Amino acid sequence: MNDPLKSVEGSIASAIQSAVQAEFGISIELPVLQFTRREFSGTYTWVSFGLAKTVGIPPDDVGQIIGKQLIDSCQFVKNFNIVKGFLNVELADEAWVNLWNALQVDSYGVSPVREDEPASMVEYSSPNTNKPLHLGHVRNNLLGHSVSELIRATGKKVIKVQIINDRGIHICKSMLAWKKFGAGETPESSGKKGDHLVGKYYVAFDRAYREEMAALVATGRTEEQAKAEAPLMREAQEMLRLWEEGDTAVMNLWRTMNQWVYAGFEATYRRLGVSFDKNYYESETYVLGKQDVERGLELGVFYRKDDGSVWIDLRPDGLDEKVVLRSDGTSVYMTQDLGTAVQRFLDFNIDGLTYVVGNEQDYHFKVLFLILKKLGYSWAHQLVHLSYGMVDLPNGRMKSREGSVVDADDLLSEMETTAAQLSEELGKLEGMPEADKAALYRTLGHGALKYFILKVDPTKRMVFNPEESVDFNGNTGPFLQYTHARIASLLRKAGERQPVAAAGYAWDPRETEVVFQLAQFPRTVQQAADARNPAAVANYVYELVKSFNGLYQNLSILNADQPEQVALRLALAERVGYVVRTGLGFLGITAPDRM
RNA sequence: GGCCCUGUAGCUCAACUGAAUAGAGCACUUGACUACGGAUCAAGAGGUUUUAGGUUUGAAUCCUAACAGGGUCACCA
């Protein structure tokens with residue numbers, strides 16, 4: 001990574017280190033500098049309390065002594081001030097020229113992908129095939145996609161995968177209901193999107209099943225008995241048994257209905273702008289892992305109980321006993337996940353695997369990673385669970401049974417409609433072809449949604465209010481997009497640009513503030529990728545845009561007094577536009593040139 | 001009940017992982033268009049960071065406890 005701040009920071013830090021040595025005869029570690037708070041003048045701040053304590057001199061005095069030394073010994077330091085023990089360092093013009101030059105790189109902040117090195121795998125989305133995607137999947141997909149983009153930007157090759165939960169009782173429910181009540185309805189015959197069609201029958205099953213249970217309870221049976229005896233549930237279980245036997249009719253129906261769902265998912269993924277390099281299917285992976293269980297038995301990591309089931313005892317690690325193979329020899333969830341993890345490291349040359357999975361599965365992944373370590377896989381410590389929080393509605397959690405679910409397709413459509421209405425009202429798009437307008441409304445509507453979701457720390461749960469919907473003013477996607485469009489307009493108007501002479505330039509504080517913001521881009525990307533935290537980029541771009549808008553509103557660019565000011569400010573605007581576009585790109589958001 | 005996570009302005013979120021007077025947006029009040037695009041900018045009001053202790057020169061941040069909310073404790077996935 002090319003971090004422009006590193007040389008300036010490093011130079012100041014080591015100058016402080018030397019000054020401490022020279023003045024007090026003490027060797028300290030290279031000090032960590034922090035950014036000076038906005039209300040004080042200066043760019044970097046060094047806290048002198050620690051040293052003051054060891055040498056027994058008041059912090060302000062220590063600051064004075066070190067600050068004076070810095071002016072002489074460090075070319076990047078122009079001046080300093082001290083407020084209550086905080087030494088605030090003001091940067092010299094040389095530092096600004098240095099930073100300015102570092103920004104003038106074509107793919108600033110983005111490292112070229114090293115194709116020959118091992119890749120990093122990201123698993124996300126991972127839907128069930130019995131119902132369409134909802135708001136929770138949207139957060140998952142946006143996070144997975146964005147994290148992949150960020151990792152790639154650091155120069156790492158990325159392989160994006162999803163595992164599709166295409167087998168089990170849930171899909172049998174949809175299949176059964178379709179057979180009973182469907183009258184041959186298909187996506188073609190009904191014009192319904194395949195995933196919504198299958199979801200409709202999943203709901204139909206649930207409704208009919210409840211009616212059966214209610215009838216059974218009315219005849220005096222307990223809730224438990226009714227659940228077990230309901231004919232529909234028995235039929236569904238029978239269907240699952242036939243599926244596992246490979247019954248031709250059941251398999252054919254299963255394939256057909258899953259294909260409908262995949263087509264539906266594919267359409268939603270395309271709208272969201274996400275994609276995968278490989279799909280894993282549970283119908284294929286659910287047998288994986290049995291060999292690993294055998295291996296674990298040989299290693300003595302697992303043990304077999306009398307009924308034949310296989311377990312691991314994690315109580316010494318503060319966890320519980322966990323089953324890894326059923327008594328009838330079939331897999332549980334853990335078995336598959338063990339096998340699938342192993343398989344992935346065989347399938348690809350990867351040195352890392354990130355699971356984007358909700359925090360309700362924290363315990364599962366803790367156990368999974370621990371077992372893989374105990375099985376002796378060297379890569380086990382390179383597994384990451386990006387545990388994201390649930391998306392709540394204002395009155396609590398989404399509950400599909402109560403119908404309080406925000407559907408992904410509906411949500412995207414609503415966002416597009418809102419963007420269209422707003423754009424029409426503002427009426428800035430005269431002369432734009434209808435097709436371009438429609439594309440722009442998608443860009444803006446989706447931008448609002450994506451930014452709204454990604455600006456929140458992934459690990460935290462968040463609240464989504466469908467009524468108030470997503471705002472288009474303030475700290476929002478369209479606000480950032482607007483700034484980009486305005487910069488694009490500015491550059492169009494400017495035409496041919498003059499070369500910039502940064503050396504000897506008389507910097508305005510508004511300009512250096514933007515330069516300093518821009519200089520933080522590569523570091524922000526690296527940190528966001530390491531922490532798998534797109535919100536860091538979202539918040540960074542917002543801060544940058546606010547700084548630039550302050551400049552834009554208060555300083556004239558095209559009509560600046562001096563020609564060198566015009567040239568520099570235009571170049572600065574261009575760099576801001578580039579970073580906004582690139583940063584939003586990491587979030588899956590497009591920055592338009594006009595809106 | 002055991003374990004895990006989270007409590008910050010009326011609402012939605014920040015806070016460089018221990019620093020200065022806890023910051024933004026929405027909503028509310030007010031000001032700025034003979035314009036480089038007002039989806040903007042400038043200002044005001046709004047907080048005992050759930051509570052009580054502790055560690056530290058310094059705590060929203062670390063420790064302990066209480067309270068509140070959520071998750072999880074299946075031979076479901």
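The sequence lines fix the lettering, A, B, ..., with proteins before strands; numbering per chain opens at 1. The shown structure was predicted, so the numbers you read here are calculated from the model rather than taken from an experiment. These numbers come from the heavy atoms of this one structure, side chains and all, not from hydrogens, waters or symmetry mates.
Atom CD of A/Glu29 is surrounded by 12 or fewer heavy atoms from other residues, nucleotides or ligands within 6.0 Å.
Chain A approaches RNA chain B within less than 4.0 angstrom (heavy atoms of the protein), and the contacting nucleotides run 5' to 3' from B/G7 to B/A77.
Rounded to a whole angstrom, the distance from the P atom of B/U64 to that of B/G47 is 31 Å. For the P atoms, the distance linking B/A15 with B/U56 amounts to 28 Å, nearest Å. Separation of the P atoms belonging to B/U12 and B/G31 is 30 Å when rounded to the nearest angstrom. Spacing of C1' atoms, B/C41 relative to B/C5, comes out at 40 Å, to the nearest Å.
Within 4.0 Å (heavy atoms only), A/Val47 reaches at least one base atom of the nucleic acid. Counting any heavy atom pair closer than 4.0 Å across all strands shown, A/Ser387 reaches no nucleic acid atom. Base contact: A/Ala485 has a heavy atom under 4.0 Å from a base atom. Within 4.0 Å (heavy atoms only), A/Phe35 reaches at least one base atom of the nucleic acid. Base contact: A/Leu422 has a heavy atom under 4.0 Å from a base atom. In this structure, A/Thr476 reaches neither bases nor backbone, as no heavy-atom distance under 4.0 Å exists between it and the strands shown. Backbone-only engagement by A/Lys460 is indicated by non-hydrogen atom pairs under 4.0 Å involving sugar-phosphate atoms exclusively.
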- Would you sort out whether A/Asn140 and A/Ser125 count as a side-chain hydrogen bond (donor to acceptor under 3.5 Å, both in side chains), showing the intermediate values? CA-CA 6 Å; A/Asn140 182 310; A/Ser125 198; 5.3 Å; no
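A heavy-atom distance below 4.5 Å is found between the side chains of A/Arg344 and A/Ile163.
Note on A/Arg510 versus A/Asp508: no salt bridge recorded, every NZ/NE/NH1/NH2 to OD/OE distance being 4.0 Å or above.
Between A/Phe472 and A/Phe479, a ring centre-to-centre spacing not shorter than 6.0 Å is recorded. Side-chain rings of A/Phe516 and A/Tyr44 approach one another, their centers coming within less than 6.0 Å.
Here A/Tyr552 pairs with nothing under the ring pair (Phe, Tyr, Trp, His ring centres under 6.0 Å) rule; sequence neighbours left out.
Stem regions annotated for RNA chain B: B:1-7 with B:67-73, B:10-13 with B:23-26, B:28-32 with B:40-44, B:50-54 with B:62-66, counting only runs of 3 or more consecutive pairs of Watson-Crick or G-U type with both contacts under 3.5 Å.
Residue pairs that meet the salt bridge (Lys or Arg N to Asp or Glu O under 4.0 Å) test with at least one member in residues 415-428 of chain A, sequence neighbours left out, are A/Arg271-A/Glu416.
Along RNA chain B, the nucleotide nearest A/Asn359 and the nucleotide nearest A/Met462 are compared for position; the residue whose nucleotide lies closer to the 5' end is A/Met462. Between A/His170 and A/Lys53, it is A/Lys53 whose nearest contact on RNA chain B lies nearer the 5' terminus.
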Donor-acceptor list for residues 485-493 of chain A side chains, cut-off 3.5 Å, not counting sequence neighbours:
residue, atom, partner, partner atom, Å
A/Arg486, NH2, A/Asn549, OD1, 2.9
A/Arg492, NH1, A/Asp593, O, 3.3

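Between the side chains of A/Asp166 and A/Asn258, no donor-acceptor pair of N or O atoms lies under 3.5 Å.
Using a 30° and 60° split on the angle between ring planes, A/Phe521 and A/Tyr578 fall in the perpendicular class, above 60°.
Taken residue by residue, residues 554-566 of chain A places heavy atoms nearer than 4.0 Å to RNA chain B at A/Leu555, A/Ser556, A/Ile557, A/Leu558, A/Asn559.
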